[in-house]
Amino acid sequence: MSVIRVSEISKYEGQEVTVQGWVYNRTDKGKLVFLLVRDGSGFVQCVAFKGDLDEATFDSVMRLPQESSVIITGPVRADKRAPGIPGGFELGVKQIQIVQAAEADYPMSLKDHGPDFALDNRHLWIRMQSQWAILRVRVRVMSAVREYLDGQGFFNLDTPILTPAAAEGTSTLFETEYFDEGKAYLAQTGQLYNEANIFAFGKVYCYGPTFRAEKSKTRRHLTEFWMLEPEIAFCDLDGLMDVEEGLVSFIAAAVLKDCAAELKFLGRDTSVLEKVVGPFPRMSYDDAAKHLIDLYEKETDPEKKELLKFEWGMDFGAPHETEITKLYDRPVFVYGYPSAVKAFYMEPWPGRPEVCKSVDLLAPEGYGEICGGSERVSDHDLLLARIRKEGLPEEAFHWYLQLRKYGSVPHSGFGMGTERVVAWMCGIEHIREAIPFPRTIKRVYP
RNA sequence: UCCUCGCUAGCUCAAUCGGCAGAGCGAGCGGCUGUUAACCGCUAGGUUAGAGGUUCAAGUCCUCUGCGAGGAGCCA
């Protein structure tokens with residue numbers, strides 16, 4: 001008897017198969033018991049009829065607690081009434097082995113839970129259909145990233161997580177002791193190392209966890225998140241936008257194609273994702289600023305007006321980003337931010353030193369900044385001047401400055417927040433559900 | 001760090017002007033051959049976050065503490 005994956009059940013219609021999994025829900029109808037069984041690949045309804053089983057077995061099936069582990073063998077039938085993911089097929093219970101009857105006090109009911117309770121029970125919450133669907137989308141987003149970049153000739157060279165000093169000197173870092181070497185810090189970016197790697201490999205990316213000790217308490221922030229950072233030699237700002245556009249379009253297409261059942265379960269409006277096809281609109285910061293100032297002046301509600309307050313030179317807040325994304329039905333690039341609000345390593349705009357060659361990619365529907373990148377300063381003396389101006393420790397950047405001495409070229413890169421992309425793909429409220437075990441300012445358990 | 005809101009049964013939430021502590025789900029028992037978070041009947045389940053105060057009377061009003069939420073700032 002072959003053990004099958006529930007996700008492939010449609011291939012076995014009319015055949016007798018075995019499914020190994022856990023009881024997600026049970027409904028009994030007297031002489032008939034419906035078990036919704038999940039096996040990791042999907043959810044399938046198993047139907048036990050009193051006449052098909054001996055009395056003791058049927059009785060124990062009727063009393064099976066939620067989450068009991070089972071091995072069930074029986075015929076696969078197509079039935080439109082059968083719930084599940086993908087659904088439409090059910091398994092008749094001919095034989096059942098109860099591997100373990102779960103204890104009856106399983107804390108997660110199938111009803112709604114508050115965030116605090118759900119997160120305290122995250123180790124169990126991930127078994128629920130909604131969380132399973134979201135995390136399956138995450139898996140596909142991450143595999144799509146690698147598929148696309150590997151196909152474009154990028155090399156995945158990961159950068160260190162333990163680092164000697166602040167890379168940007170802006171965000172707060174998690175600190176740890178490092179033997180006799182003093183302090184080490186958890187990386188908030190791999191960019192500087194990526195910049196070294198491109199001079200050996202041309203096009204590279206790192207994809208790993210990133211740590212920010214910022215006290216951000218919003219639905220868009222985690223203290224530990226997975227950031228993709230491609231870096232490309234001989235690439236200017238326009239070339240960078242081309243890469244971002246290709247990547248994000250590819251991710252959306254992959255999720256639409258391979259996670260259709262998950263998106264359907266989540267109730268995602270897929271027509272929104274179908275529009276995620278390049279070219280994306282490219283808007284200058286100057287034009288965006290004009291639009292925002294116009295909105296600010298026209299706003300009459302004092303509360304909203306305060307939130308929309310804007311003048312040239314300011315960085316965008318979340319309300320500003322939302323207003324800009326409302327102008328389009330697909331992601332939008334905003335490029336050419338004021339240098340003063342961006343990092344020291346960003347290349348100045350030719351002829352306009354107050355502006356830099358930076359670009360953010362803003363997702364629609366209020367999901368905000370999913371990618372942030374720039375063309376990097378390639379001139380040694382300019383970079384040194386910037387480091388001095390920022391008051392950064394020059395000796396820590398010795399190796400980074402050296403990159404500009406031996407074959408420096410124009411180069412660009414960006415960072416993409418995986419959880420923000422996953423949340424956007426799924427249409428969920430909070431990015432904490434887009435990672436198996438979220439770390440926030442108030443939570444390191446479980 | 002600042003602003004706003006919240007904390008009642010295992011879970012999600014009610015409780016009118018300050019007047020007997022309630023429901024659904026979950027758990028237990030019983031019924032039903034097509035359920036979709038099934039449904040129907042019965043049972044058990046409470047230091048209303050903690051401390052103090054006002055009052056004949058506090059889940060409800062006041063003060064403090066704790067915990068949480070999402071918004072600002074910062075950022076992906």
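Computed from a predicted structure; not experimentally measured. Order of the sequence lines fixes the chain letters, A, B, ..., with proteins taken first and strands second; residue numbering starts at 1 for each chain. The figures that follow rest on heavy atoms only: side chains count, while hydrogens, waters and symmetry mates do not.
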- Item | Side-chain N,O (R432(A)) to OP1/OP2 (rG68(B)) below 4.0 Å | no
- Partner nucleotide, any strand, of rG68(B) [Watson-Crick/G-U, under 3.5 Å]: rC5(B)
- Who is the Watson-Crick or G-U wobble partner of rC13(B), with both distances under 3.5 Å? rG22(B)
- Is there side-chain contact between T189(A) and E229(A), with heavy atoms separated by less than 4.5 Å? yes
- Message: Tell me if the side-chain of D116(A) makes a donor-acceptor pair with the base of rC67(B), cut-off 3.5 Å, by modelled atom types.
- Response: no
- Query: Expressed in angstrom and rounded to an integer, what is the separation of Q191(A) atom CD from rC75(B) atom C1'?
  - Reply: 14 Å
- Message: A cation-pi test, strictly: NZ or CZ of K305(A) under 6.0 Å from the centre of the six-membered ring of Y296(A) and no more than 45 degrees from its axis. Yes or no?
- Response: yes
- Query: Over how many whole Å does the gap from D120(A) atom CG to rC67(B) atom C1' extend?
  - Reply: 11 Å
- Query: Base, sugar-phosphate, or nothing for E103(A), non-hydrogen atoms under 4.0 angstrom?
  - Reply: nothing
- Message: I need the CD-C1' distance between E321(A) and rA76(B), as an integer number of Å.
- Response: 10 Å
- Note on the structure: rA37(B) -> Watson-Crick or G-U wobble partner, both distances under 3.5 Å, gives none
- Query: Using a cut-off of less than 4.0 Å, is there contact between a side-chain N or O of R220(A) and OP1 or OP2 of rA72(B)?
  - Reply: yes
- Between R219(A) (CZ) and rC74(B) (P), how many Å, whole number? 19 Å
- What nucleic acid atoms does D105(A) come within less than 4.0 Å of, heavy atoms only: base, sugar-phosphate, or nothing? nothing
- Message: Mind checking if D79(A) touches a base, just sugar-phosphate, or nothing, with heavy atoms under 4.0 Å?
- Response: base
- Message: If the cut-off is 4.0 Å, is K29(A) near the phosphate of rG34(B), judged by side-chain N/O to OP1 or OP2?
- Response: yes
- Query: Would you call E433(A) and R122(A) a salt bridge, taking side-chain N to carboxylate O under 4.0 Å as the test?
  - Reply: no
- So what does F117(A) hit on the nucleic acid, given a heavy-atom distance under 4.0 Å: a base, only sugar-phosphate, or nothing? sugar-phosphate
- Item | E419(A) CD - rA76(B) P separation (whole Å) | 14 Å
- Message: Please pick, from rC29(B), rG31(B), rC75(B), the nucleotide with the shortest atom-to-atom distance to any side-chain atom of D28(A).
- Response: rG31(B)
- Shortest non-hydrogen contact between E369(A) and R420(A), atoms and distance: O-NH1, 2.9 Å
- Value for CG (L36(A)) from CD1 (I85(A)), rounded to nearest 0.5 Å, stands at 8.5 Å
- In terms of side-chain heavy atoms of S109(A), which of rA69(B), rC25(B), rG70(B) is nearest? rC25(B)
- Between rC39(B) atom P and F34(A) atom CZ, what is the distance in whole Å? 14 Å
- Proximal nucleotide (of rU35(B), rC75(B), rA69(B)) relative to the E214(A) side chain: rC75(B)
- Sugar-phosphate only, base, or nothing, as touched by G114(A) at under 4.0 Å among non-hydrogen atoms: sugar-phosphate
- Of D315(A) and E429(A), the one whose closest nucleotide on RNA chain B sits nearer the 5' end is E429(A)
- Between CD of E67(A) and P of rG26(B) the distance, given in whole Å, is 14 Å
- Message: Please classify the nucleic acid contact of Q45(A) as base, sugar-phosphate, or nothing, using heavy-atom distances under 4.0 Å.
- Response: base
- Item | Sugar-phosphate only, base, or nothing, as touched by M227(A) at under 4.0 Å among non-hydrogen atoms | sugar-phosphate
- Task: Provide the closest heavy-atom pair for G366(A) versus T325(A) in the form atom of the first, atom of the second, distance.
- Result: N-OG1, 4.4 Å
- Short side-chain N/O contact to rG68(B) OP1/OP2 from R443(A), under 4.0 Å: no
- Note on the structure: Partner of rU43(B) under the Watson-Crick or G-U wobble criteria, both distances under 3.5 Å, comes out as rA27(B)
- Query: According to the interplanar angle, ranging from 0 to 90°, do the rings of F333(A) and F280(A) count as parallel (below 30°), tilted (30 to 60°) or perpendicular (above 60°)?
  - Reply: tilted
- Message: At less than 4.0 Å, is any side-chain N or O atom of K215(A) found next to OP1 or OP2 of rU1(B)? Yes or no.
- Response: yes
- Could you tell me whether H221(A) contacts a base, only the sugar-phosphate backbone, or nothing, with contacts defined as non-hydrogen atoms closer than 4.0 Å? base
- Message: Need one value for L222(A): base, sugar-phosphate or nothing, where a base atom within 4.0 Å counts as base even if backbone is also close, heavy atoms only.
- Response: base
- Message: Between the base of rA69(B) and the side chain of K217(A), is there a donor and acceptor pair under 3.5 angstrom?
- Response: yes
- Item | Check: rC74(B) base within 3.5 Å donor-acceptor of S216(A) side chain | yes
- Query: So what's rA58(B) paired with, Watson-Crick or G-U wobble, going by both distances under 3.5 Å?
  - Reply: none
- Look at the side chain of I431(A) and decide which nucleotide, out of rG31(B), rG34(B), rA76(B), has an atom nearest to it. rA76(B)
- Message: Looking at the base of rG34(B), is there any donor atom on it, or on the side chain of E90(A), that sits under 3.5 Å from an acceptor on the other one?
- Response: yes
Considering only distance and modelled atom types, tabulate donor-acceptor pairs under 3.5 Å from the side chains of residues 98-109 of chain A, sequence neighbours left out.
unit_1, atom_1, unit_2, atom_2, d
Y106(A), OH, L124(A), O, 3.4
S109(A), OG, K111(A), N, 3.3

- Measure distances between side-chain N and O atoms of R420(A) and base N and O atoms of rC75(B), and say whether any donor-acceptor pair falls under 3.5 Å. yes
- chi for rC17(B) classified (syn = within 90 degrees of 0, anti otherwise) as syn
- rU63(B) pairs with, by Watson-Crick or G-U criteria that keep both distances under 3.5 Å: rA51(B)
- Message: Could you tell me how far apart N194(A) (CG) and rA76(B) (P) are, to the nearest whole angstrom?
- Response: 14 Å
